[in-house]
Structure formats: structure tokens, C-alpha cells
Amino acid sequence: MKLKFKSIIEKYKIFVLIIFQLPITLRASQKIIAVSEFDFIEYENLIQSFSLFVFLLLSAKGLAYLFKLKINYSFSYVIFFLLIFFAANVLSLLNIETNFMFFIIVILLICNFSFFANEKDNKIKALQFLSFFPLIYINMNLNYLNKFAYSNLRGEQSGDVDLLILPNVEKIFNSNILNVFQNPVADSGFFHINFTIFGNFYFATLSKTMNLIHDYFTINFLPYTLFFLFLLFIYELKINNSTKLLICLFHISILIINPWIRYLLQNSYMTEGVASLFFIIIFYNMFFQKTITNMSQNIIYLAISYFIFSKLFISLFIFPYLIFMKKNTIFQKTLLLIGPLNILYFMFIKFPPIEANNLINDFNNSILVDILRYWIEDRIWMYSVAFAFLFCFIQILLFNKIDSFNLYILGFNFLNVLMIFLLYSISWTEGVEFESSYRYMLQNYYLNLLLLFTVLGRDTSKN
């Protein structure tokens, strides 16, 4: 009976997934038809962000070639930003006041020399060569670039953007990351908790690449690069093409339906998108990585050590996984400590917080009820959770267990909820809106998206 049921599920898995996401797709179609409610597609922004993404993606591949890293494109993109963030931190530790424009120009020149020297595919070389032209045009044409200037009339859904994020992006753009630590924004005494500095660095790097010679202003198409990174990551997954298409369709439907998720993950400077997407790319590639040389492994571990968001704590989950769950050397485990020690040194020793709040306050469980009630009111979230449990039940029924990859995702979800409850009950008990807890739930958005579509069984080949 079980074998028969298993064969039916395997045979009709795609059909089951289509049925699962049909209500979401229909709702998204209704939003598209109701044009007055729908402003999701901004064609020129998408075109410009795609051009920037391709240029940086192939530059990142050049850095991978330089260090002989045999990793895919999406992971190369993540490691590229982590390594140059590491380099920027080293300069700050040495008190070298490097101009950020000079820093980015040198990095891009080195990466592109390496790319054109090592890339074998002439079509990809031609693509990178062509990507220089729109980049140069936009850099030299301030009037055109001003078309994409961030508007103060936009009406941010989160006050963190104007108060905490953009000021730090501007400091990096005009100077370097040391300026951020030396001149912290007012974060209400939360132990520098608003220093989502890697996310700030990501957007500052994008901004400087598009605007090397002019004064700083925010460019509204930069966050869309995360949308293309997501598509690339899904394309590189070791699953069948039908499931890939369903994942992309489901994600796009969610973005169309839910303006808050669209805002956080794709079209704002909020760093939830960087944290959640970079995390799943790192975790997936480290989980399924091939055997590589110790030198390559050491470079990757050093880069990952700088995957730090002081407020978006999902980045912390990668450290116990790599230290305790992955087989690696003592030296590699030590490398994972470099980034956290570096950031902690800046935040608490060299530039200690002034009038910091207590880390632990009196226990307050009343806010937890409000948080749960707020989550339950989200119909899309509840719908997805219900199907995740259903799919997990089916897999247990078929295989008597959940495969280790999805088991880790469930574990990350448990840790995420636990951290939210702890922080809101013993630390963030005053002056923090419980509605913001939803942002921390969305840290696991991409993880859970993968869980929903792979829990019935992945058609993976060994990496």
C-alpha cells in the first residue's frame, strides 16, 4: 500500500505542487487585471538593475577565478561581496582611510582582468564587454541617472530606511565602513543593533558602481538586483525544471499579492532581502558542496565569517551549522571567528555604545500573544505553513523520515521563532512594535520557499 501511494505521489508530484499554488496564482492574476491596484512592474528599473547585476556577477566570477574557487555563479556573487567586505574591514582595522571610489575601482579592475584572462566562453566574455557600455553611459550621464533618484514622496513603509539604513549607506559611499562605526546612527540604545552593516555595504557598493564620480543620492533600481539573484539561484538548483518554474511562479505571485513582502525583499533598501537570500545561497552550496581544495575551502570559510547582520540574526545560524555539523579542520573553524570578532571589536571595544539599553529586561509574555495573533492574520503565511506540514507528513509517510536538507530548514525555522520570542519577551520589551516581528519571520522566506517545493522529494544529483 505504501509503495503504491509512493509511486502515485512521485508520478503526480508536479500536479500536486500546481494544485497547491493555484489559489496564489489566481489571486496574483486578479491583482494584475486590477491595473489600478497594481504597480509591480517597473520596466526601466528592471532593465538597469539587470545590466548592473550581470556586470557584477561576471566580475564576481573573475574573483572566483583569481582564487581558483570552483563554485557556481550565484555563490560566486555572494562570496564576492563577502570578500570585498572583508577587505574593507581589514583596511579599517589598519586605520587606512581609503576612498571608497578608489577601493571599488581597484576591486572591479582586478576582478575583470581575472575574468577576461580565465573565462573560456567567448559568448560570456562578450556579454561582460557589452555590460560596460550601459554602465559607462549611466556613470557619465547625471541627467539620465537622476531619472532613478529616490523620491522623498515615495512613503517608506519602514522608518528604518531613512533613519538607519540610508545614512549608513551614504557614509560608506562617501568614505568607507570605518565612518559608520565612528559615527553611529541613533539606534535607541539597542547595542548598535541597527548596524546591518553588510547589507549597507552591499547597497553602497551597487551605488558606487553606478555612480563613481557624482555626489551621493539613492538610486531606486538597486534593490531589484536581488530579484535576478533569486532567479539565478533557482536556475542553478539541482532539481527538475518543472519544479524550478513553479518556484519562480509562486515567488512572483507572492510579490504581486503582498506589497509588504515585495517591499522588504525586492524594491527597498531594507536588508532583509540581502540577509535571507544570501543565507539560503550559502547554506545550499555548503550543504551540497563538492570536495574542493583546502585553500579554496579556507577562502570560502573566511568570506562566510563576515556574513554578519547585528539585527537580522539569521546570519548567526550558519556558524553553528558549519562549526558543529560540517566536517572541517580546526583552522577552518578558527577562520569562522574572524568576522564576528572583527565586528564585535568595532562595535563594543573601539567604538563602544553610548547609553546602551540593558540587554535583558523583565520577562514580558503579553507581547508574544500579540505577535502570534498578528502572524495568524496573514492568510498567505498560514496557507503556506499548512501545506508545509502536509508535505512533511506525506514525506514521513513515504520515507519514514524527512531528508536532512529539509530537516535543517525546519531546524532553522525553530531557531528563528525561538530567537523572536526570546528577544521580544526579555530584551525588546519596550519601545519596539510587535508588528516588526514579521520582518524576522521573513528572514526564512527563501528557506521556506525551497522547503515547500522540495519536501515531497528532490530530483537531485550529487554535487
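The residues of the chain are indexed from 1 along the displayed sequence. Predicted, not measured: the structure shown is a model, and the values here were computed from it.
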- request: Evaluate side chain to side chain contact (heavy atoms under 4.5 Å, CB included) for Ile172 paired with Tyr202, printing each intermediate quantity in order.
  value: CA-CA 10 Å; Ile172 298 170; Tyr202 175 77; over 6 Å; no

query: Below 4.5 Å, heavy atoms only, C-beta onward: do Gln266 and Phe230 meet side chain to side chain?
result: no

task: Quick one: closest heavy-atom pair of Asp162 and Leu166, and the distance?
output: OD1-CD1, 3.6 Å

message: Give me the atom names and distance for the closest heavy-atom approach of Pro340 to Ile308.
response: N-CD1, 3.3 Å

- request: For Lys326 and Met286, indicate whether the former's side chain and the latter's backbone hold a donor-acceptor pair under 3.5 Å.
  value: yes

message: With a 6.0 Å cut-off on the ring centroids, do Phe228 and Tyr224 count as close?
response: no

message: With side chain to side chain contact (heavy atoms under 4.5 Å, CB included) as the criterion, how do Ser305 and Leu335 come out once you've worked through the C-alpha distance, each side chain's angles and the decisive distance to 0.1 Å?
response: CA-CA 7 Å; Ser305 79; Leu335 286 174; 5.9 Å; no

Nearest-0.5 Å distance, CD1 of residue Ile84 to CD1 of residue Ile107: 6.0 Å

query: Does anything in residues 268-281 pair up under salt bridge (Lys or Arg N to Asp or Glu O under 4.0 Å), and if so which pairs, sequence neighbours excluded?
result: Glu272-Arg439

query: How long is the span from the CG atom in Leu449 to the CD1 atom in Ile280, to the nearest 0.5 Å?
result: 9.0 Å

query: What is the minimum heavy-atom distance between Phe55 and Ser59, and which atoms define it?
result: O-OG, 2.8 Å

Chi angles and distances behind the side chain to side chain contact (heavy atoms under 4.5 Å, CB included) call for Ile338, Leu302: CA-CA 7 Å; Ile338 292 177; Leu302 175 63; 3.8 Å; yes

- prompt: Do Leu69 and Phe80 come close enough that some side-chain heavy atom pair is under 4.5 Å?
  reply: no

message: Under a 3.5 Å cutoff, is there a donor and acceptor pairing between the side chains of Asn179 and Asn183?
response: yes

message: For a quick check under 3.5 Å, do Tyr284 and Glu236 share a side-chain donor-acceptor pair by atom type?
response: no

message: Just to verify, what does Glu44 make a salt bridge (Lys or Arg N to Asp or Glu O under 4.0 Å) with, not counting sequence neighbours?
response: Lys147

task: Could you check if a side-chain atom of Asn200 sits within less than 4.5 angstrom of a side-chain atom of Lys171, using non-hydrogen atoms only?
output: no

query: With a 4.5 Å limit on heavy-atom distance, are the side chains of Leu447 and Ile314 in contact?
result: yes

field: Expected output: side-chain Tyr73 to main-chain Leu232 donor-acceptor under 3.5 Å
entry: no

message: Looking at every heavy atom in both Leu265 and Ser276, which two are closest together, and how far apart are they?
response: CD2-OG, 3.8 Å

- request: Please check if the distance between the ring centroids of Phe81 and Phe198 is under 6.0 Å.
  value: no

- prompt: Can you say whether the rings of Phe313 and Phe317 are parallel (under 30°), tilted (30 to 60°) or perpendicular (over 60°)?
  reply: tilted

Polar contact flag, side-chain donor to acceptor under 3.5 angstrom, Gln297-Asn328: no

message: Would you say Asn89 and Tyr306 are linked by a side-chain donor-acceptor pair, where the criterion is simply a distance under 3.5 Å?
response: no

statement: By side-chain contact (heavy atoms from CB on, under 4.5 Å), Leu93 pairs with (sequence neighbours left out) Asn342, Tyr345, Phe346

- request: Tell me, with the steps shown, if Leu229 and Phe233 meet side chain to side chain contact (heavy atoms under 4.5 Å, CB included).
  value: CA-CA 6 Å; Leu229 179 59; Phe233 169 64; 5.6 Å; no

- prompt: Are a donor atom and an acceptor atom from the side chains of Ser92 and Asn176 found within less than 3.5 Å of each other?
  reply: no

- prompt: Does Ser51 reach the side chain of Ile138, with side-chain heavy atoms less than 4.5 Å apart?
  reply: no

- request: Specify the closest pair of heavy atoms between Leu135 and Met210, including all atoms of both residues, with the distance to one decimal.
  value: CD1-SD, 3.4 Å

query: Hey, what's the ring geometry for Phe221 with Phe148, parallel, tilted or perpendicular (30° and 60° as the breaks)?
result: perpendicular

message: Would you call the rings of Tyr269 and Phe203 parallel, tilted or perpendicular, taking 30° and 60° as the class edges?
response: tilted

query: Once the angle between the rings of Phe421 and Trp375 is folded into 0 to 90°, is it parallel (under 30°), tilted (30 to 60°) or perpendicular (over 60°)?
result: parallel

field: Gap between atom OH of Tyr235 and atom CG of Leu245 - 0.5 Å precision
entry: 11.5 Å

task: Please work out which of the three classes, parallel, tilted or perpendicular, describes the rings of Phe53 and Tyr77, given edges at 30° and 60°.
output: tilted

- prompt: Just wondering, do Ile239 and Ile247 contact through their side chains at under 4.5 Å, heavy atoms?
  reply: yes

- request: For the residue pair Phe20 and Tyr383, categorise the inter-ring angle as parallel (less than 30°), tilted (30 to 60°) or perpendicular (more than 60°).
  value: parallel

- request: For the pair Phe227 and His251, name the ring-plane relationship: parallel under 30°, tilted 30 to 60°, perpendicular over 60°.
  value: parallel

query: Hey, does Phe351 have a side-chain heavy atom less than 4.5 Å from the side chain of Pro184?
result: no

query: From Leu322 CG over to Met325 CE, what is the distance, rounded to the nearest 0.5 angstrom?
result: 10.5 Å

message: Using side-chain heavy atoms (C-beta onward) and a distance below 4.5 Å, is Asn285 in contact with Ile281?
response: yes

- request: Could you tell me how the ring of Phe279 sits relative to the ring of Phe283: parallel (under 30°), tilted (30 to 60°) or perpendicular (over 60°)?
  value: parallel

Interatomic spacing from CD1 in Ile371 to CD1 in Ile367 - rounded to 0.5 Å: 5.0 Å

